[in-house]
Amino acid sequence: MSDYHGSMRMADGSRVSLTEEEAKELWQVVKQAGKDRAERLPDAKACLTALSSAKDRMRELGWRDSRYCPRDGSTFAVCEIGSTGMWSAFYHEPYIHYADCVSTQGPHVFFKAMDKLTDEERATLVRGDKTVSDDIARMGEMFR
């Protein structure tokens, strides 16, 4: 067996095995990213500074802590720490509903009014919502 192996999920939901070379290359990218991250963020203080700066920048870009999201049933955009996606969401006590899941409110989820999104943010949201919709449809077909 190879030292390097793995699989990737395709747009249609299927999984395809990586070749040994693809898996090795991916692993090298992951290891390099870790080294780069360690150089940029050598200790806890640097990490905390980066987190604070990122949250400040999100506020400057118009994103707010989800604890302050609309509670009137209206739709708004959300993004969360640990993801690069954006989705349409709404609040229904006590959760924010988006991407076929729910989340508690808090500083790990940001919200922004739909009419305040930049063109790039709106495109990311449209892609995120479409991916979720396609995934749900695909799951529904599995049970027919």
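The basis for the numbers below is simple: all heavy atoms, side chains too, and nothing from hydrogens, waters or symmetry mates. The structure presented is a predicted model; accordingly, all values stated were derived computationally and were not measured.
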Does either side chain, that of Gln105 or that of Tyr91, offer a donor lying less than 3.5 Å from an acceptor on the other one?
yes
Step through the shown structure and confirm whether more than 12 heavy atoms of other residues, nucleotides or ligands are within 6.0 Å of CG on Asp115.
yes
For the CD1 atom of Ile81 and the CG atom of Leu51, what is their distance to the nearest 0.5 Å?
7.0 Å
Gap between atom CD of Gln32 and atom CH2 of Trp27 - 0.5 Å precision
13.0 Å
Under-4.0 Å salt bridge between Arg67 and Asp65:
yes
Tell me, do Leu117 and Leu125 make a side-chain contact under 4.5 Å, heavy atoms counted?
yes
Treating Ser66 as the side-chain partner and Gly106 as the backbone partner, does any N or O pair qualify as donor plus acceptor under 3.5 Å?
yes
Does one hydrophobic cluster hold both Leu26 and Val16, with members joined at side-chain heavy-atom distances below 4.5 Å?
yes
Contacts satisfying salt bridge (Lys or Arg N to Asp or Glu O under 4.0 Å) that involve residues 54-64 (not counting sequence neighbours) are Asp56-Arg59, Arg57-Glu60
For Ser83 against Gly85, the heavy-atom pair lying closest together:
OG-N, 3.1 Å
Qualifying residues under side-chain contact (heavy atoms from CB on, under 4.5 Å), relative to Ala54, sequence neighbours excluded
none
With a 4.5 Å heavy-atom cut-off, do Cys69 and Ile96 have their side chains touching?
yes
Treat each ILVMFWY residue as a node, draw an edge where side-chain heavy atoms are under 4.5 Å apart, and state whether Met58 and Met114 are in one component.
yes
Looking only at heavy atoms, which two atoms of Leu41 and Ala50 are closest? And how far apart?
CD2-CB, 3.7 Å
Taking all heavy atoms of Glu20 and all of Asp3, pick out the closest pair and write down the distance.
OE2-N, 4.3 Å
Any pair counted as salt bridge (Lys or Arg N to Asp or Glu O under 4.0 Å), so long as it reaches residues 70-94, sequence neighbours left out:
none
What pair of heavy atoms forms the shortest contact from Ala23 to Gly6, and how long is it?
CB-N, 4.4 Å
Verdict with supporting geometry, Val109 and Cys79, side-chain contact (heavy atoms from CB on, under 4.5 Å):
CA-CA 6 Å; Val109 177; Cys79 59; over 6 Å; no
Do any N or O atoms from the side chain of Glu22 and from the backbone of Thr19 form a donor-acceptor pair under 3.5 angstrom?
yes
Could you pull out all residues at least two apart from Glu120 that satisfy side chain to side chain donor-acceptor pair (under 3.5 Å)?
none
Under the salt bridge (Lys or Arg N to Asp or Glu O under 4.0 Å) test, which residues partner Glu121, sequence neighbours left out?
Lys112
Show me the pairs that pass ring-ring contact (aromatic ring centres under 6.0 Å, His included) and involve residues 37-89, at least two apart or across chains.
Phe76-Phe111, Trp87-Tyr98
If you group Ile, Leu, Val, Met, Phe, Trp and Tyr by side-chain heavy-atom gaps below 4.5 Å, do Val126 and Met86 land in one group?
no
For the residue pair Ser103 and His108, confirm or rule out a side-chain donor-acceptor distance under 3.5 Å.
yes
